[in-house]
There are 2 protein chains.
Amino acid sequence: MNTPDVLNVGHDCGACPIRHRAVCARCEADELQTLEQIKYYRSYQAGQTVIWSGDRMDFVASVVTGIATLTQTMEDGRRQMVGLLLPSDFVGRPGRQVAAYDVTATTDLVMCCFRKKPFEEMMAKTPHVAQRLLEMTLDELDAAREWMLLLGRKTAREKIASLLAIIARRDAHLKLKSAKGNIVFDLPLTREEMADYLGLTLETVSRQVSALKRDGVIVLEGKRHIVVPDFDRLLEETGDDSDGGLLV
Amino acid sequence: MNTPDVLNVGHDCGACPIRHRAVCARCEADELQTLEQIKYYRSYQAGQTVIWSGDRMDFVASVVTGIATLTQTMEDGRRQMVGLLLPSDFVGRPGRQVAAYDVTATTDLVMCCFRKKPFEEMMAKTPHVAQRLLEMTLDELDAAREWMLLLGRKTAREKIASLLAIIARRDAHLKLKSAKGNIVFDLPLTREEMADYLGLTLETVSRQVSALKRDGVIVLEGKRHIVVPDFDRLLEETGDDSDGGLLV
DNA sequence: GACACGCTTTGACCTACATCAAACTGAAAG
DNA sequence: CTTTCAGTTTGATGTAGGTCAAAGCGTGTC
């Protein structure tokens, strides 16, 4: 096995077309050996909670397969998703003892974990890892800020379109397919989870998904399987700038 | 001068009570010398735009005095603030050529800048800096996620109370005062800027500020000067958990 | 086959906040 | 002292999305 999960975290290889996933010629570097020694796997079933906010968290991890969410809950039960973790995403914060969010598996989930202590020691020694982690965290921060624009200023319809576009893009990217023609993917979230992502109610999500379907922006096969016949059309519905955020 | 601005970025000294601000015994470390050589200052007047989204950005910087905001704007003019930069906060992303957000001075502003190229070279050499930057970015990510909960799920009144609490805390912290008794501070934002922060309109902000004043949660002296007679009371109005997010 | 259970859709109604509009306030400019 | 202007407040009205309620749908179970 080529341990792509380990590469996600430890290594940034310019030669790899898809940085977080590909196998890389420099796999023998020291930090990878170290990571290899301290890693272990955990599996969770769909719906299982990985960690509760406030729990002691003695590991960091990266998602290998499946989807997990980070959510915050208010005392009265209002919930807001604050992170959507797809394969190759990183969970956990070096330097923090206690989880700040609920982490939940929304599909069956496999994570590649590293015990926090040795991971931090390794980080202190190998600048590679800290730099890669910084880069990944900055990407997450950008995503969070786009998400803030969505939550604060977009209409319900724009929110739905944006979420579909995000998932479609991630999905297509992970499958290495180009974005020409039909884009097909399975929604990994229930209406309620979509609502928690978007700051809406599930009823509003349902209505707006139906509306996009009625207007021919998407085609629904069953409840979960989605076909996007014209990706540009979907992007128009998001309210985002047309130049599509190609910042480097 | 003890160059506290430089310390913000380059150094994490456990001995300093207030980490980002204090002067530190290890100031002679190499990276500080390097930073010292490549730094320069820029001043902006209140209202001036520091960088437009999409502009080439050849420096990174930290705020020395004053307040700046990061905002995103949609084609039709809807605006959402996505970052509020107070003294000691960091702007700019190593590795990115182009600004992703509008950066605006909301008060007179002094920034301590570092040209990007030498800063990045220095980062590659001194792990200290990358690690400090990672830590700061993770803090920002947490702040962004709390902000997402605010935007997605809080009522207008809770949003206002939360913003006041955030500013009060930052302000008190920067002044090294304890949080007992009256907390007094000047609002650094106009109603419109508050609205852009909170995903509201300025009219709603005005109404809710008046309501909090009517209910005795805050005392307004003029339009900007605010007295919080009972900080716990204000916190109750935020809708947040009472244990106040003391995550380490 | 019928039942139960989780998820989704649809409808009727309601309300928090947006929108539009006008008046107020205070500081700066002449 | 008057004018101007940016920022703010306040009021009247509109509406997107929330709330409550009921019905539909697919899958697994007895």
Side-chain angles (χ1 to χ4, degrees), chain A residues 45-48 74 76-80 104-107 150-164 186-215 218 220-226 237 239, chain B residues 45-48 69 74 76-80 104-107 150-164 186-215 218-226 237 239:
Chain A
Q45 293 178 350
Q48 242 187 313
M74 294 170 71
D76 61 4
R78 280 176 281 174
R79 283 160 51 88
Q80 177 63 52
T104 312
T106 63
T107 65
L150 177 150
L151 289 169
R153 295 302 188 193
K154 288 190 177 179
T155 65
R157 171 183 262 245
E158 288 169 341
K159 286 179 176 183
I160 301 285
S162 302
L163 175 56
L164 294 178
D186 284 306
L187 254 190
L189 304 174
T190 66
R191 296 293 120 106
E192 189 176 15
E193 286 161 346
M194 292 172 71
D196 285 342
Y197 188 111
L198 301 169
L200 297 170
T201 58
L202 69 276
E203 292 96 330
T204 300
V205 170
S206 177
R207 276 184 248 270
Q208 297 297 337
V209 170
S210 299
L212 287 175
K213 178 185 169 190
R214 172 173 41 72
D215 298 345
I218 58 173
L220 264 179
E221 291 167 0
K223 309 273 176 196
R224 295 296 194 88
H225 197 68
I226 292 199
E237 296 283 352
Chain B
Q45 292 177 351
Q48 242 187 314
T69 61
M74 294 170 71
D76 60 5
R78 281 176 282 174
R79 283 159 50 88
Q80 177 65 52
T104 313
T106 63
T107 65
L150 178 150
L151 289 170
R153 294 302 187 192
K154 288 190 179 179
T155 65
R157 170 183 262 245
E158 288 169 340
K159 286 179 176 182
I160 301 287
S162 302
L163 174 55
L164 294 178
D186 284 306
L187 254 190
L189 304 174
T190 66
R191 296 292 119 106
E192 189 175 16
E193 285 161 345
M194 291 172 72
D196 285 342
Y197 188 112
L198 301 170
L200 298 170
T201 58
L202 69 278
E203 293 96 328
T204 299
V205 170
S206 177
R207 276 183 247 272
Q208 296 298 335
V209 169
S210 299
L212 287 175
K213 178 183 167 190
R214 171 172 42 70
D215 298 345
I218 58 173
V219 180
L220 266 179
E221 292 167 1
K223 308 274 178 197
R224 294 298 193 88
H225 196 68
I226 291 200
E237 296 283 351

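Convention: sequence-line order gives letters A, B, ...; per-chain numbering from 1.
- A straight line from CD of Gln208(A) to P of dT10(C) spans 12 Å, rounded to a whole angstrom.
- In the interface, the side chain of Glu203(B) is paired with the base of dC20(C) through a donor and an acceptor atom under 3.5 Å apart.
- The shortest distance between the side-chain N/O atoms of Thr201(B) and the OP1/OP2 oxygens of dA18(C) is below 4.0 Å.
- Applying the 3.5 Å distance criterion, the base of dT10(C) shares no donor-acceptor pair with the side chain of Arg191(A).
- Atom CZ in Arg78(B) sits roughly 9 Å away from atom P in dT19(C) (whole-Å rounding).
- One N or O donor and one acceptor, one from the side chain of Arg207(B) and one from the base of dT19(C), sit under 3.5 Å apart.
- When rounded to the nearest whole Å, the span between CD of Glu221(B) and P of dT8(D) equals 17 Å.
- Between the side chain of Lys213(B) and the main chain of Leu220(B), no donor-acceptor pair closer than 3.5 Å is present.
- A distance-only check finds a donor-acceptor pair linking the side chain of Ser210(A) to the backbone of Ser206(A) [under 3.5 Å].
- For Thr155(B), no side-chain nitrogen or oxygen approaches OP1 or OP2 of dA16(C) to under 4.0 Å.
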(message) Run Thr155(B) and Arg78(A) through side-chain contact (heavy atoms from CB on, under 4.5 Å) and show every step you take.
(response) CA-CA 11 Å; Thr155(B) 65; Arg78(A) 280 176 281 174; 4.1 Å; yes
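- Residue-level contact check: Gly47(A) touches neither bases nor backbone, having no heavy atom under 4.0 Å from any strand.
- The NZ atom of Lys213(A) sits 13 Å away from the P atom of dT8(C) (whole-angstrom rounding).
- When the C1' atom of dC7(C) is taken as reference, atom CE of Met194(A) falls 13 Å away, rounded to whole Å.
- Among the heavy atoms of the strands lying under 4.0 Å from Thr190(B) are primed sugar atoms or P, OP1, OP2 only; no base atom is included.
- Among the atoms of the strands shown, base atoms are found under 4.0 Å from some heavy atom of Ser206(B).
- Rounded to a whole Å, the CG atom of Leu202(A) is 15 Å from the P atom of dA21(D).
- Judged by closest nucleotide on DNA chain D, Gly199(A) is the one of Lys223(A) and Gly199(A) placed further toward the 5' end.
- Distance CE/Met194(A) to CG/Leu187(A): 5.0 Å, rounded to 0.5 Å.
- Arg224(B) comes within 4.0 angstrom of sugar-phosphate atoms only, judged by non-hydrogen atoms across all strands, and of no base.
- The closest donor-acceptor contact from the side chain of Ser162(B) to the backbone of Glu158(B) lies under 3.5 Å.
- Between the C1' atom of dG26(C) and the NE2 atom of His225(B) lies a distance of 17 Å, rounded to the nearest Å.
- When the C1' atom of dG7(D) is taken as reference, atom CG of Asp186(B) falls 16 Å away, rounded to whole Å.
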